[in-house]
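Just so you know, ligand 1 is whichever comes first in the structure, and atom 1 is the first atom listed for that ligand.
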Amino acid sequence: MQQFDVAIVGGGMVGASCALALAGTGRSVVLIEGVAPDAVNQPSFDERTTALGNASRRIFEGLGVWQHIQPAAAAIRTIHVSEAGRFGFARLKAAEQGIDAFGYVVANRVVGASLWRALAEAEGVSLRVPATPETVEIGRDRVSLTIVDAVGGRERFTASVVVAADGAHSSVRAAAGIDAAVEDYEQVALVCNVAADRANDGTAYERFTLCGPLAVLPVHDGSFTLVWTVAAAHAQRFLELPDAEFLQELQTRFGWRAGRFVRSGRRASYPLALTRAAVTVGTRAVLIGNAAQALHPVAGQGFNLGLRDAAMLAELLSAGADDAGAAELLSQYAQWRASDRNGVIRFTDGLIKLFGDARTSVGMLRNLGLLLFDLAPPAKSALARVSAGFGGPTPRLARGLALSGLRTRG
Ligand SMILES: Cc1cc2nc3c(=O)[nH]c(=O)nc-3n(C[C@H](O)[C@H](O)[C@H](O)COP(=O)(O)OP(=O)(O)OC[C@H]3O[C@@H](n4cnc5c(N)ncnc54)[C@H](O)[C@@H]3O)c2cc1C
């Protein structure tokens with residue numbers, strides 16, 4: 001029976017990144033993904049775009065994929081935060097922070113194609129796609145997996161550790177006996193591409209409206225990508241509106257700061273919840289990305305956080321003991337990721353609760369907050385740093401350092 005050091009289940013945005021980070025580090029890795037990366041129904045590399053922070057850009061540079069992503073990425077040079085019906089707003093400029101851009105907006109399909117093209121040639125990484133685990137048996141000394149491919153073929157192998165990168169409804173998390181708390185926001189994110197009568201100028205808008213936060217982000221072809229949070233009860237109506245009426249609703253809620261909206265693409269919808277695993281490691285099991293925590297997209301942090309999970313796990317596995325599933329290695333991972341994870345969850349959930357509270361006093365506080373924020377450079381710098389992570393050790397890859405050779409150097 002074949003034996004691997006690491007079995008990663010889920011080759012979406014985070015799992016594929018983790019496998020690539022482990023390439024050439026001396027670890028034998030198998031990546032099991034249920035849906036081909038270029039399939040129309042691929043749930044991770046779908047219609048969405050992702051706002052990548054600068055730490056994520058550096059990680060992708062380290063993985064050798066940024067050069068393929070960058071030509072299709074739009075740089076965010078200004079962030080504009082406002083609230084409908086109130087006069088306060090905040091504007092952050094990257095140049096004032098001494099950086100070129102706060103981040104980059106890129107289509108998930110572009111990220112998927114770049115990661116999987118690199119994985120096809122990655123040293124030490126075996127790919128099983130499309131395939132899903134039929135059984136995951138976690139023992140004291142090893143994990144045994146049986147996987148089934150698209151034509152019903154079965155394969156059995158063992159690994160020293162299993163990595164759950166199979167998303168918010170992770171079956172590996174369940175196999176590891178780890179509970180997850182789910183808080184339904186009773187909101188749905190509507191996602192679509194829209195074009196205005198003028199090209200975007202690299203500004204990312206975040207607008208808090210009565211019906212929920214609305215993000216309008218720049219796309220590299222001059223258009224915008226829209227992430228519009230609406231109450232679950234209203235989602236269907238917004239999905240079914242004719243384009244012209246949809247654009248009118250958008251214009252009314254968003255205003256004219258980006259010009260007149262003239263065209264909208266296909267609309268997709270995502271129900272929103274905060275899913276949070278009770279712990280991020282178990283016996284010979286580690287959770288990364290959405291399997292560990294799936295967040296509201298309001299602040300564009302979910303993937304950025306998950307990528308830091310992947311980078312840190314790959315770093316510890318690259319440098320650690322021979323046994324990739326050693327308890328000390330896994331508990332070090334949990335400890336090093338804890339403050340970043342907790343900080344991002346609190347920040348994102350806090351934003352939703354603060355702006356979702358309609359009471360006047362809270363409204364006034366928010367207004368004052370936005371105004372002060374616009375006037376106070378330290379507050380701005382703090383937000384600008386959010387994309388680097390919320391504390392704990394920064395992964396080597398996010399600092400521009402390589403992982404290969406760490407184990408042989410001891
Ligand atoms: C509308 C929206 C906008 C967002 N915008 C941003 C943003 O701008 N910035 C940001 O940082 N984050 C953003 N996010 C969050 C981001 O999309 C997620 O954090 C990210 O997709 C997590 O990646 P993942 O690989 O952990 O999980 P997923 O994307 O869920 O991928 C899981 C993968 O596992 C596979 N899989 C599942 N079960 C199995 C199985 N049993 N066997 C084999 N394979 C399996 C799936 O096919 C999939 O490929 C957004 C989220 C939403 C909903």
Could you say whether the N/O atoms of [X] and ligand 1 ever approach to under 3.5 Å?
X      : result
Ala51  : yes
Ser44  : yes
Phe303 : yes
Gly300 : yes

Between [Y] and [X], is there a side-chain heavy-atom distance shorter than 4.5 Å?
X      : Y      : value
Thr348 : Val344 : yes
Val35  : Phe45  : no
Leu145 : Val9   : yes
Val298 : Glu206 : yes
Arg48  : Phe303 : no

When you measure from [atom] to every protein heavy atom, which one gives the shortest distance, and what is it?
atom                    : answer
atom 5 (N) of ligand 1  : Thr49 O, 3.9 Å
atom 43 (C) of ligand 1 : Gly34 N, 3.2 Å
atom 1 (C) of ligand 1  : Val191 CG2, 3.5 Å
atom 34 (O) of ligand 1 : Gly10 CA, 3.4 Å

Numbered atoms and elements of ligand 1 in range of [X], under 4.0 angstrom, heavy atoms:
X      : answer
Arg48  : 1 (C), 2 (C), 17 (O), 51 (C), 52 (C), 53 (C)
Gln42  : 47 (O), 49 (O)
Pro133 : 41 (N), 42 (N)
Ile32  : 43 (C), 44 (N)
Pro43  : 46 (C), 47 (O), 48 (C)
Gly289 : 26 (O)
Thr132 : 40 (C), 42 (N), 43 (C)
Gln301 : 10 (C), 11 (O)

*Look up atom 29 (O) of ligand 1 and tell me if a protein heavy atom lies less than 4.0 Å from it?*
yes
Can you tell me if Ser114 uses its side chain to pair, donor with acceptor, with the backbone of Val110 under 3.5 Å? yes
Can you tell which of [options] gets a heavy atom nearest to [atom]?
atom                    : options                       : value
atom 37 (C) of ligand 1 : Leu295, Val106, Asp166        : Asp166
atom 19 (O) of ligand 1 : Asn290, Val344, Val14, Leu307 : Asn290
atom 48 (C) of ligand 1 : Glu134, Glu47, Glu33          : Glu33

Applying a heavy-atom cut-off of 4.0 Å, say which part of [X] lies close to ligand 1: side chain, backbone, both or neither.
X      : result
Pro297 : side chain
Val9   : side chain
Thr50  : both
Ser170 : neither

- Return the orientation label for the Phe261 and Phe254 ring planes: parallel under 30°, perpendicular over 60°, tilted otherwise.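 Tilted, since the angle between the ring planes falls between 30° and 60°.
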Do the ring planes of Tyr205 and Phe224 sit parallel (below 30°), tilted (30 to 60°) or perpendicular (above 60°)?
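Ring orientation, 0 to 90° scale: tilted.
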Rounded to the nearest 0.5 angstrom, the OG1-CG distance for Thr229 and Leu214 is 8.0 Å
Could you state the interatomic distance from CD (Glu315) to CZ (Arg308), rounded to the nearest 0.5 Å?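 Reported value, rounded in 0.5 Å steps: 13.5 Å.
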* Asked: Heavy-atom contact under 4.0 Å between Gly306 and ligand 1?
  ->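 Not so, Gly306 does not reach ligand 1.
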> Is the closest heavy atom of Ser56 to ligand 1 under 4.0 Å?
Replying inline: no
